[in-house]
Protein chains: 2
Amino acid sequence: MATIQDVATQAGVSVATVSRVINESPRVSPDARARVLEAIGRLDYRPNLLGRNLRRTEARVVLVVLPSISNPFYARIVEGIEDVARVEGFNVLLCNTGDEAERERVYLGMLSQRLADGAILMAPSLRVDELELLCHAHPLVQCCEFHAGATVSHVSVDDRAAARDAVRYLLSLGHRRIALVASHGSLVSDHCRFDGYRDALAEADVPFDPELVAYGRYDFATGRACGDAFFALPPPRRPTAVFAISDLAALGVVQAARAAGLRVPEDVGVVGFDDIAFASMVDPPLTTIAQPQYDLGRTAAEILFRQLRDPAAPPEDRFLPHRLVIRRST
Amino acid sequence: MATIQDVATQAGVSVATVSRVINESPRVSPDARARVLEAIGRLDYRPNLLGRNLRRTEARVVLVVLPSISNPFYARIVEGIEDVARVEGFNVLLCNTGDEAERERVYLGMLSQRLADGAILMAPSLRVDELELLCHAHPLVQCCEFHAGATVSHVSVDDRAAARDAVRYLLSLGHRRIALVASHGSLVSDHCRFDGYRDALAEADVPFDPELVAYGRYDFATGRACGDAFFALPPPRRPTAVFAISDLAALGVVQAARAAGLRVPEDVGVVGFDDIAFASMVDPPLTTIAQPQYDLGRTAAEILFRQLRDPAAPPEDRFLPHRLVIRRST
DNA sequence: TATGCTCGTGTAATCCGTTACACGAGAGGG
DNA sequence: CCCTCTCGTGTAACGGATTACACGAGCATA
């Protein structure tokens, strides 16, 4: 593989001049530039970026840390991040943590090892203090999920308002027994969506009934299990509608309803959260709170690059608008 | 940020000794080792991997090139690749090409720029000659899709046999008007699945009817459009079953059937391909050909690392077993 | 003609580890 | 007591680029 030295020799100039041509410095005579370009072409020279990166102390890589890329909700966000990163000349390194804090730590260690310049965290399993420490040393952005109170940039929808909108809508359809598939992790969306649910009930003077809240994760199995529990309740206590913390969980609820011999939406209404592509592919198409996934990704990346350019920039908290998408599951 | 020199000074040894400790060379006295480890701890030293990588001329990165991570079929494969890469100490760089050959070229350029050591291609849009050229210079594995005849390693299921099994199964249910949602790209799965379809029809002496084949891509919209066309046919000509080239397309077909007032599976049977997680979450759960996605990823990675260790290793062609998963859409 | 610019270019230091080679000390054998 | 080995360690070259600094040439100004 040709090196910059080979090009220099071939073109009859010094390595400095070759480097200047590559980096489009104006201080190169047209003549020298032509000879260098010619040599580069002849030798099929491509700069060794390991050398450049070492010299510049940058990797031009951003970490995208998430529990699992198999969750289609993240996939679309990643595309938003990638599109911004590409125009900035950065690469996206995918970091599946499987929700293990230790794997997350290993990946984030790449920052201090200089293999990455910044990171976007989707659902941090790190403790707040670790996060804070880290963000003093490296550009960091939380996307969608975040630790409330941490002085780390973040971008997300207003989860509380979004959940409130979803439940208000169910109330407006006349539902009074509205169940919630929730999660009690340490992330804001867990709390906020729960709070939004209670907000809406309180507004409508519908008493909160703990029997109508089941906890789990954000996946299909959780929805199925919670749904099974809800629909096992005898008719007066059984919910007539379910608000699920994610579309995946909502799909599980729909399946549980069918298994219990209930029709959606006639016997039970279901609302999801996220608006993944699948929400509109299934039958019945899912009513859900749409998160602007692609824009969440883009925005997170934009904030990250701002911090990369100006390390002194203060952390930003950005909220993007959500949207209630009414389909046929309600 | 501390460098190896700082550690050396702090520990009262030379940088060589520090390096030996880090790389677990046996030629270090227990005493020196202890002092070095102590200094590393005190300074919170982490080796700058840019320096190491330059010296070793490796990036410890594998490229995973695919059209779109939003397709859940790929997501699971990526996890298989990642799990193997992690134990090898490699990172996975995600390369969404959006099916643009140019973007694919840019990403693969990272190989010659030393930012990556090898690549796994999911659905190459490069020409065969480019591929061949590339694989002489760098370890390369094609996963799932591949250019037939290219002397580049690959791992996939036997697409032709798989499609044959799917159609045989529909025939065994008594279907005679079996439609196919196909694709006419240059990839093998396009051809092979088509061939398998014809194989099965021929075996059963069912005449091939071009009216029952529609072409598109692998996505939901394709399935919907092709399904709409099929179900617009008047009853004697209308298919009683559809075999779709992917689960996503099958989902589109199911939606089209519903839109046409047809019940699945009573009026029309649908079989997909891939067995993505969603196939079992929808209603009716999809009968499909399961590809061992995770293992496809693992195997591709294993072949890649074999080639990385021994660049002279001959290309491998590996076929993994598929499986007909019968659910309720047939 | 001397002075001071600008311009183009080259030399060499630098980024940070890794490792070939050299060297001195101590052990063991003859 | 000398020779040979092994062991632990250090020095310095090296990987491939970037860039501060220096320098000579050419030109304009005084």
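Any value given below was found using the heavy atoms of this structure, including those in side chains, with hydrogens, waters and symmetry copies removed. Chain letters run A, B, ... following the sequence lines, proteins first and then strands; every chain starts at 1.
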Heavy atoms from C-beta onward define the side chain here; which of [options] lies closest to that of [X]?
X	options	result
A:Arg55	C:dC15, C:dG17, C:dT18	C:dC15
A:Arg27	C:dT11, C:dT9, C:dT18	C:dT9
A:Arg20	D:dC21, D:dC14, C:dC21	D:dC21
A:Arg52	D:dG10, C:dT9, D:dA17	D:dA17
B:Ser29	C:dT9, D:dA17, D:dG8	D:dG8

Whole angstrom is fine here: how far is it from [atom1] in [X] over to [atom2] in [N]?
X	N	atom1	atom2	result
A:Ile22	D:dA17	CD1	C1'	8 Å
B:Asn48	D:dG15	CG	P	19 Å
A:Arg33	C:dG8	CZ	P	10 Å
B:Gln113	D:dG15	CD	C1'	17 Å
A:Leu43	D:dG16	CG	P	14 Å
A:Gln5	C:dG10	CD	P	11 Å
A:Leu54	D:dC14	CG	P	17 Å
B:Asn53	C:dT18	CG	C1'	12 Å

With a 3.5 Å cut-off and no angle check, do the side chains of [X] and [Y] form a donor-acceptor pair?
X	Y	answer
A:Tyr74	A:Asp274	no
B:Thr299	B:Arg318	no
B:Glu100	B:Ser125	no

### Query
Would you call the rings of B:Phe146 and B:His154 parallel, tilted or perpendicular, where under 30° means parallel and over 60° means perpendicular?
parallel

Taking any heavy-atom pair under 4.0 Å as a contact, classify [X]: base, sugar-phosphate, or nothing.
X	value
A:Val28	sugar-phosphate
B:Ser19	base
B:Val18	nothing

### Query
Would you call B:Glu102-B:Arg105 a salt bridge at under 4.0 Å N-O?
yes

## Note on the structure
Per nearest nucleotide of DNA chain D, the residue lying toward the 5' end, B:Thr57 or B:Pro30, is B:Pro30

### Query
Any side-chain N or O of B:Tyr45 less than 4.0 Å from the OP1 or OP2 oxygen of C:dG17?
yes

### Message
Check this one for me: any side-chain N or O of B:Thr17 less than 4.0 Å away from OP1 or OP2 of D:dG10?
### Response
yes

